[in-house]
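Comments concern the structure below.
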2 protein chains.
Amino acid sequence: MTPEAPEEGLTPLTGLEQVSQTFVSGPQNADRIRIRYFSRDRDGALVGRVQFGPQAEGPPGAAHGGAMAAVLDEAMGFACWLSGRPVVAARIEVEFNRPLPLGLEARLEAWVEAVDGRKVTTRARLHGEDGLAYSQGSGVYVQLDVSQLGV
Amino acid sequence: MTPEAPEEGLTPLTGLEQVSQTFVSGPQNADRIRIRYFSRDRDGALVGRVQFGPQAEGPPGAAHGGAMAAVLDEAMGFACWLSGRPVVAARIEVEFNRPLPLGLEARLEAWVEAVDGRKVTTRARLHGEDGLAYSQGSGVYVQLDVSQLGV
């Protein structure tokens with residue numbers, strides 16, 4: 001992982017790492033899940049670089065399906081917030097396409113697909129450099145009233 | 001948590017804790033997710049007692065949706081194995097019904113709903129003593145050939 005060399009067209013979202021010191025990202029998760037988040041300049045999508053470590057093992061040598069689901073859920077939620085919509089998750093669906101080897105740096109994309117009143121529909125993918133998905137998800141998130149946030 | 005006093009009609013599955021020293025359960029997760037698994041005598045369903053700790057926080061004071069999804073995924077997979085079917089996950093759906101407070105001991109149930117060739121359909125619920133769901137899931141798992149297991 002080379003945080004000093006962000007890729008072209010991606011703006012690092014260092015703030016999100018501060019927000020998310022909990023289950024999915026955050027430095028305490030180094031042996032579990034490492035994520036760097038970016039905003040993709042051309043369309044504002046949330047983009048990430050993710051490595052699953054030995055403590056996120058499911059099948060031998062590969063990422064736990066639950067760990068991939070957690071990453072896709074967090075990324076879809078962040079994509080909503082990034083688009084200016086504070087949300088909570090109502091429903092997610094995750095499809096597992098092929099094993100994601102531990103230690104490999106996978107690519108993550110998450111974006112808002114549709115907005116209907118307070119209902120925000122999202123999609124996310126974990127894929128390789130070849131573009132083929134390891135797993136992909138969709139979600140329905142519900143926009144919060146600012147008054148519910150207690151801020 | 002009182003592992004010395006299992007509830008009536010439940011047989012502790014201590015072996016599963018040995019199998020799953022990884023992402024969801026296992027002693028290294030004490031501040032994150034604590035699970036005790038049981039087999040329910042009357043129907044063979046997988047039953048659990050789960051507490052989410054401070055490192056599994058999503059919304060303030062409540063479990064991360066991704067953490068609940070990971071637990072439901074693991075429980076549905078274990079329910080398949082418990083029924084004699086070694087599987088990998090193909091697809092899961094998770095619905096989030098209400099916030100699950102950190103520290104509260106929730107109940108977990110997972111069971112095989114249907115089997116069609118190698119396709120195993122499952123369901124799982126995280127709920128309170130009042131029977132109301134915090135989150136619930138369904139899944140499609142694919143039975144492995146024993147020859148694929150490398151054992």
Side-chain angles (χ1 to χ4, degrees), chain A residues 19-29 31-33 52-78 86-99 102 124 135-142 144 148-151, chain B residues 19-29 31-33 52-78 86-99 102 124 135-142 144 148-151:
Chain A
V19 170
S20 174
Q21 295 287 325
T22 59
F23 186 66
V24 170
S25 31
Q28 79 287 2
N29 283 318
D31 286 341
R32 183 176 298 263
I33 304 173
F52 293 87
Q55 294 209 355
E57 189 173 42
H64 192 291
M68 292 194 284
V71 165
L72 292 169
D73 169 55
E74 173 156 306
M76 290 191 285
F78 280 165
V87 294
V88 290
R91 196 177 74 235
I92 62 169
E93 295 184 25
V94 178
E95 197 181 296
F96 303 102
N97 306 105
R98 55 178 177 141
L102 296 180
S135 65
Q136 47 196 319
S138 60
V140 175
Y141 291 75
V142 177
L144 298 170
Q148 293 179 278
L149 292 178
V151 290
Chain B
V19 170
S20 175
Q21 295 288 326
T22 59
F23 186 65
V24 170
S25 31
Q28 79 287 3
N29 283 319
D31 285 342
R32 184 175 298 262
I33 304 173
F52 293 88
Q55 294 209 356
E57 190 174 40
H64 191 291
M68 292 194 285
V71 165
L72 292 168
D73 168 56
E74 173 155 306
M76 290 190 285
F78 280 166
V87 295
V88 290
R91 196 177 74 234
I92 61 169
E93 295 184 26
V94 177
E95 198 181 296
F96 302 102
N97 305 104
R98 56 178 177 141
L102 297 180
S135 65
Q136 47 197 320
S138 60
V140 175
Y141 291 75
V142 177
L144 299 169
Q148 292 179 278
L149 291 178
V151 290

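First the proteins, then the strands, lettered A, B, ... as listed; each starts at 1.
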- Query: How many angstroms lie between atom OG of A/Ser138 and atom CD of B/Glu93, to the nearest 0.5 angstrom?
  - Reply: 8.0 Å

- Task: First locate atom CZ of A/Arg32, then atom CZ of B/Arg32, and finally report the distance between them rounded to the nearest 0.5 Å.
- Result: 3.5 Å

- Can you name the closest pair of heavy atoms from B/Asp73 and A/Gly66 and give their distance? OD2-N, 3.0 Å

- Query: Between B/Gly137, B/Gly65, B/Ala89, B/Gly139, which shows the greatest number of heavy-atom pairs under 4.5 Å with chain A?
  - Reply: B/Ala89

- Message: For the interface with chain A, which of B/Leu72, B/Ile92, B/Val88 has the highest count of heavy-atom pairs at distances below 4.5 Å?
- Response: B/Ile92

